[in-house]
Protein chains: 2
Amino acid sequence: MSINKLDQIDHSLLEILQSNGKITNAQLSKEIGLSPAPTLERVKKLETSGIIKSYHAQIDREKVGLGVMTFVQVSLAGHRKAVSEAFVEKISKVPEIIECHHVTGSCDFLLKVIAKDINSYQKLIMETINEIEEVASTQTMVILSTFKDTQVLPVP
Amino acid sequence: MSINKLDQIDHSLLEILQSNGKITNAQLSKEIGLSPAPTLERVKKLETSGIIKSYHAQIDREKVGLGVMTFVQVSLAGHRKAVSEAFVEKISKVPEIIECHHVTGSCDFLLKVIAKDINSYQKLIMETINEIEEVASTQTMVILSTFKDTQVLPVP
DNA sequence: GGAAGTGCAAAATATTATTTGGCACAAAGT
DNA sequence: ACTTTGTGCCAAATAATATTTTGCACTTCC
């Protein structure tokens with residue numbers, strides 16, 4: 001097995017596949033200027049090496065009736081490891097929480113949360129998140145509009 | 001053309017395709033219990049109606065050398081529309097900024113930013129973001145670890 | 001009761017992925 | 001200098017998959 005040394009072609013592949021995960025191998029090979037066989041071989045290598053983790057369909061939040069997205073800054077009651085672990089454990093079961101990051105700064109965790117509307121968001125925050133005993137306080141930032149939200153990371 | 005009324009099968013399709021955007025139509029049809037033809041027809045309808053917006057490969061940040069991800073709270077100098085627009089315009093050209101949301105709360109914008117390491121992050125924040133004249137102040141939350149980061153929205 | 005529309009399955013066809021074999025080049029060993 | 005080995009590529013054959021077509025069953029609405 002070869003080592004992870006990405007050349008210019010691999011970078012192009014990653015960039016294209018990040019923005020279009022459903023491109024056909026034939027089309028992909030044209031865009032990078034190789035024949036299908038080595039193109040496929042490179043993509044497979046990126047997949048098996050774990051550089052490409054997965055493929056996802058992106059759906060339109062608004063169109064499926066998820067009109068509200070927020071960031072929630074969470075401060076925990078205490079900072080022992082067990083407290084964090086208990087919190088994370090409970091958070092992981094809530095499907096409306098689509099991101100949960102442990103962060104530096106004035107709060108402990110930052111969550112990204114989606115909901116149908118403000119009412120169901122309020123219900124979620126009051127009856128689910130604030131009810132978690134490890135949570136000391138929360139502060140919500142409601143997203144008014146999103147100007148950029150790309151899946152494409154600039155591979156260095 | 002039919003109206004957007006999603007039944008149970010469509011919900012299953014959306015859930016499966018969000019978590020596995022590369023599943024074959026044959027496999028997909030098995031999982032939802034239909035034959036390939038109507039399965040494909042439904043997926044195409046979800047795509048053309050815009051409910052499925054796009055497909056993306058997800059890559060491993062760490063493995064491509066992007067070790068740092070942060071959230072940046074940005075406060076602008078003034079709140080007139082022109083100020084916001086100028087800021088958004090400049091932000092949109094920076095590939096390291098992968099999300100930019102206008103939010104309620106103590107700051108104006110929340111950015112998600114990636115960088116190779118802390119040094120290059122510092123360079124980015126000092127020489128690019130803080131240099132934007134509309135930016136009054138920034139406050140960074142460095143992500144220490146991520147416990148949840150799903151592409152799968154729970155369709156209501 | 002019949003017409004039109006919808007959703008489905010089965011089979012035929014078209015497209016695409018994948019494998020195979022072989023060539024060219026470069027690096028390492030003799 | 002001459003193998004040897006490995007890598008990366010292409011072209012063509014084969015396998016898998018997507019897509020189209022046809023027709024049937026069921027419902028709804030005249």
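Sequence lines set the chain letters: A, B, ... in the order given, protein chains first and strands last, and positions in each chain run from 1.
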Begin from the C-alpha positions of A:Ser35 and A:Ser29 and carry the test side-chain contact (heavy atoms from CB on, under 4.5 Å) through to its verdict.
-> CA-CA 6 Å; A:Ser35 72; A:Ser29 65; 5.9 Å; no

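- Side-chain atoms of A:Ile9 lie closest to D:dC9 of the nucleotides C:dT19, D:dC9, C:dC8.
- Nearest nucleotide to the A:Pro36 side chain, out of C:dT18, D:dT19, C:dC8: C:dT18.
- One finds no side-chain N or O of B:Lys44 lying less than 4.0 angstrom from the OP1 or OP2 phosphate oxygen of D:dA18.
- Whole-Å rounding puts the A:Lys45 NZ to C:dT18 C1' distance at 16 Å.
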Between the protein and nucleotides 22-25 of chain D, which nitrogen or oxygen pairs come in under 3.5 angstrom?
none

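- Between the CD atom of A:Gln73 and the CE atom of A:Met141 there is a distance of 4.0 Å, given to the nearest 0.5 Å.
- Between B:His101 and A:Ile143, the closest heavy-atom pair is ND1-CD1, 3.7 Å.
- For the pair A:Glu41 CD and C:dT19 P, the computed distance is 10 Å after rounding to whole Å.
- OP1 or OP2 of D:dC9 has at least one side-chain nitrogen or oxygen of A:Arg42 nearer than 4.0 Å.
- Using a 4.0 Å cut-off between a side-chain N of Lys or Arg and a carboxylate O of Asp or Glu, A:Glu99 and B:Lys112 qualify as a salt bridge.
- Checked against C:dT19, D:dT20, D:dG8, the side chain of B:Leu40 finds its nearest nucleotide in D:dT20.
- Grouping the Ile, Leu, Val, Met, Phe, Trp and Tyr side chains by contacts below 4.5 angstrom, directly or via other members, places A:Leu13 with A:Ile23.
- For B:Ala37, taking side-chain heavy atoms from C-beta onward, the closest of the listed nucleotides C:dA9, C:dG7, D:dG8 is C:dA9.
- A heavy atom lying under 4.0 Å from DNA chain C marks the following residues of residues 15-34 of chain A, by number: A:Thr24, A:Asn25, A:Ala26.
- Hydrophobic cluster of A:Ile97: the remaining members, joined at side-chain heavy-atom separations below 4.5 Å, are A:Val68, A:Val72, A:Val74, A:Leu76, A:Val83, A:Phe87, A:Val88, A:Ile91, A:Val94, A:Phe109, A:Leu111, A:Val113, A:Ile118, A:Tyr121, A:Leu124, A:Ile125, A:Met126, A:Ile129, A:Ile132, A:Val135, B:Phe147, listed by chain and number.
- Ion pairing of A:Lys44 with A:Glu41 is absent here, as no side-chain N (NZ or NE/NH1/NH2) approaches a carboxylate O to less than 4.0 Å.
- Connection of A:Ile16 to A:Ile9 is established within a shared hydrophobic cluster, with ILVMFWY side chains joined at heavy-atom distances below 4.5 Å, either directly or through further cluster members.
- Of all heavy-atom pairs between A:Pro154 and B:Ile114, the closest is CD-CD1, 3.3 Å.
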